[in-house]
Amino acid sequence: MDHGTDGAGQGTVGEPAEPGRVPLAVVVVDRDGLVSHWSRGARRLFGVPKDEAIGRTALDLLPVSGALPDDRDTTPYTAGDGLGPGLGSSLDGGLSYPAAGRARLTASGDGRVDVLWWAYPLVGPGPERLLVLAADAEGLRAGDGAFERIAPGFALHTDFPGAEDLARRLPEILPSMSVGDSARIVAQILELGYPILEFSQNDRVPVTPDWGVARRAERKARRERAARALAAGQPVPADPRDEGEDLEYAAVRERLEFLNEISGRIGTSLDLSRTIVEVSRAVVPRFTDVAGTYLREQVVAGEGFEDGVPDTTTMWHRVALEHTDEPGRWDDVVPVGEAMPFPAHTPFFQCMTSGEPVLVPRISEEMGHAIAAQFDKRDIRPLITGRSMLVVPLKARNVVLGFMILLRHPERPVFNDMDRVTGAELAARAGLVLDNARMYTFQENVAETLQDSMLPHIPPRMAGCDIATRYLPGTLLGRVGGDWFDAVKLHGGRTALVVGDVMGHGLNSAAMMGQLRTAVQTMAGLDLPPAQLLRNLDDLAQRLGDSYLATCLYAVYDPIASELHLANAGHIPPVLVRAEDGRSELLDLPTGAPVGVGGVPFEAVRVRVEPGDRLVMCTDGLVEVRGEDIGVGLATLCESAAHPAASMDDACDTIIRALNTCGGRKDDVALLMARLNGIEPDDVAEWRLALDPAEVSRARAAVREQLHVWGLAKLVEPAELMAGELVTNAVRHSHARPVALRLVRGDTLLCEVEDDDHELPTLLSAGPLDEAGRGLRVVSTLSREWGTSRTTSGKTVWFELTLPRR
């Protein structure tokens, strides 16, 4: 190995030179165009010490042009000469893909140095933006001239921050390099402490200086011999090698142009389906005649999957198929959407397990038969036999996401090594684009699942009211937000209606929303008055953190009393639509401060309602538009809420359309509408019972008689039994006030027993001979639902029975 020279300019003693490797100069340029790393090789090649180079403008230190002048031009380039379009545009930040070139510069003596350079854009969170490699072309002329292409293999010095991380990314920066080659070269480089240049007769890379070094020297010598022959008046025959090299150069340039064109055509969106189609269509027909794209099952589903190499059980979905054959020829045999595993003996399995392209110059009849064996009752052999095949992996972050099967017609030139390198580069770029789309889809699914899990699934009918809801995520700020709504069943046939909005967006706001929603549900179940509930919620928000604020509107609807009991914490007011005349109004509530502010009192008001009135509660994302007065949105909300509609869902949709929520609003939207149907007085029966055990039989008789009046004879036996048990417990534990018994006929039969004892009963395990605990066990067994809650004067125990079908 040619170890070059160290920082002192002395050669390494005792190490023989090995043809095929020369030292490299390494320069790193930051986002401001300043040099942030200057290797020993750079000092030797450009003649500038490291301490003078660091922090200087790269344009001043790299006196190279984008292309070497014609061989007859003997004018040297010196520091300060104008840069050509190649490296100059790279240093100016105009480079999106790797570039390369050749230039010459003036050495410290009277001679000149021909320089090969490569420039690679660096993408990542650090300040480094461009990596420039340079080598003395004279070091290459010392070789045997057998190589055709050169490829830089490098790692940064160990004194450079992030050197080992960049070394691990070598295959990403140079897609033609395998992971194994990268590990080998990096190990050598880190041991020696400086980069090298490695070239090979077989490897061809898309990004390479536009000449073969040894052959360029040969070509120059041929030109000189031809000039001498012309000067002597002798004929000069054409050399076919010149024409071949021109064709080879043109082929390389064509590959570069093709890759640049493809890169501009894929990845135009983060939609996974669209990206798949773009990748498949990009290569047909220019590069191949048939392109079949396969992706892991989890990638298609937008799910995560475990790391590791795929195996014979991994399912691969055929997600796209583009071809130049006659229409329909492939559709029945290899339909898009089919999923299958691939056996270990196939080239497809070899590609997806090794992560390397697999080239089959011609598919033989034997191989065609082996591939066709995977397709049940379908003969694919006429479609593939005799064609040239290239299988390239679609991978990102060293994980194989899928692969592409590329086929050429028999009359077209077979895929060669250059095509394999080009296909690998194409697949590398396509893999990153697909991975970005996959991760976006995965995150969208996670966000949507999280949001759905946090939003309640409210039944369309609750006691005395019908409910409809809508939730719309923000269009630009992500699918997860802090808006929520809820409806909580309370005793006495009442319903708590809630709408809230945590300020901000994203997962933090969603997590805060989940905690507040759970707290509201819990406190509503305890039947706390609205103002007290908001007071407790404010205390909780302060304990959760100083950075969280939320608005909340809490209302309790009593269908028997035909009343709303509301309290507001900084939220926009609700709209009440009167059934009598269709008039809508914003309810005038004490606004209060958002929960989380702390130390602010909350007030509650009571509003009389009539059967058929509608209550509309929403978050500010529905009515607020940046740059407009919120009063405009509130007026539109009132007008659209009053519009007649065939159903509750239609009424919600009318509001959404009127406020153009789907047309560009950026905030989340939560909308809850409740039609307040009420419960007729004839469907309610109440009794006051003295604190006398004899009142238990009276309670049973009253329940039995009332159910017969309502035509609910089928419910008499269980209702009478359970009402007797609850009244017995109430009479036993009450202190002074009479026991209240109430039956309510609504969507269910509700039975409530109220007393003045504040201790809530609990369900106990009761044996056959135990006197206590059997009453609630009977209620729990026979009822559809039961519960207990505290009241201002004591407690209520209740149960429900399902009404028989009529």
Side-chain angles (χ1 to χ4, degrees), residues 96-98 120-126 165-166 168-179 182 206 259-260 262-283 291-311 314-322 336 339 342 348 351-358 390-406 421-449 478-479:
S96 299
Y97 298 102
Y120 298 92
L122 302 177
V123 179
D165 178 64
L166 265 178
R168 287 192 294 269
R169 291 177 50 207
L170 183 58
E172 297 180 17
I173 299 175
L174 299 176
S176 62
M177 181 170 292
S178 69
V179 176
S182 170
L259 287 172
N260 286 335
I262 294 303
S263 298
R265 291 171 55 186
I266 63 177
T268 60
S269 76
L270 289 175
D271 181 81
L272 183 59
S273 300
R274 180 176 174 180
T275 301
I276 291 169
V277 172
E278 288 176 347
V279 170
S280 302
R281 291 180 177 175
V283 295
T293 305
Y294 291 76
L295 294 178
R296 283 190 191 226
E297 187 175 30
Q298 297 91 338
V299 174
V300 177
E303 302 173 350
F305 53 85
E306 297 181 359
D307 294 338
V309 178
D311 55 33
T314 303
M315 296 297 292
W316 302 89
H317 276 255
R318 189 182 304 109
V319 295
L321 182 65
E322 294 291 330
V336 171
F342 285 92
F348 319 118
C351 172
M352 63 192 180
T353 54
S354 67
E356 297 294 331
V358 176
L390 178 63
V391 187
V392 293
L394 298 170
K395 60 182 181 179
R397 302 173 183 88
N398 294 324
V399 176
V400 176
L401 307 176
F403 57 90
M404 294 183 71
I405 302 174
L406 309 177
V421 173
T422 303
E425 172 71 7
L426 165 69
R429 299 182 186 187
L432 289 175
V433 170
L434 285 170
D435 192 48
N436 288 337
R438 176 185 74 89
M439 292 302 296
Y440 178 78
T441 302
F442 175 68
Q443 291 169 3
E444 284 280 282
N445 290 345
V446 169
E448 189 171 350
T449 301
R479 299 189 62 86

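Just so we're clear, the structure is a prediction, and the values are computed from it rather than from any experiment.
- Counting heavy atoms from C-beta outward, Leu295 and Leu434 have side chains that approach closer than 4.5 Å.
- Taking CG of Leu426 as the start and CG of Leu406 as the end, the distance is 7.5 Å to the nearest 0.5 Å.
- Residues Trp316 and Arg296 have side chains in contact (heavy-atom distance under 4.5 Å, counting atoms from C-beta outward).
- Across all their heavy atoms, Ala396 and Leu432 have their closest contact at CB-CD2, 3.8 Å.
- Looking at Glu278 and Val433, their side chains never come closer than 4.5 Å, going by heavy atoms from C-beta outward.
- Residues that satisfy the side-chain contact (heavy atoms from CB on, under 4.5 Å) test with Pro393, not counting sequence neighbours, are Cys351, Pro357.
- Aromatic ring orientation, Phe403 versus Tyr294: parallel (interplanar angle below 30°, classes split at 30° and 60°).
- Pairing each heavy atom of Val392 with each of Ala424, the nearest pair is CG1-N, 4.2 Å.
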Open item on the list: Could you walk me through whether Met404 and Val283 satisfy the side chain to side chain contact (heavy atoms under 4.5 Å, CB included) test, starting with their C-alpha distance in whole Å, then the side-chain angles of each, then the deciding distance to 0.1 Å, before giving a yes or no?
Closed with: CA-CA 11 Å; Met404 294 183 71; Val283 295; 4.2 Å; yes
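- Looking at residues two or more places apart in sequence or on another chain, you find a side-chain contact (heavy atoms from CB on, under 4.5 Å) between Ala320 and Ile276, Ser280, Thr293.
- Residue Leu394 comes nearest to Ala430 through the heavy atom pair CD2-CB, 3.9 Å, listed as atom of the first residue, atom of the second, then distance.
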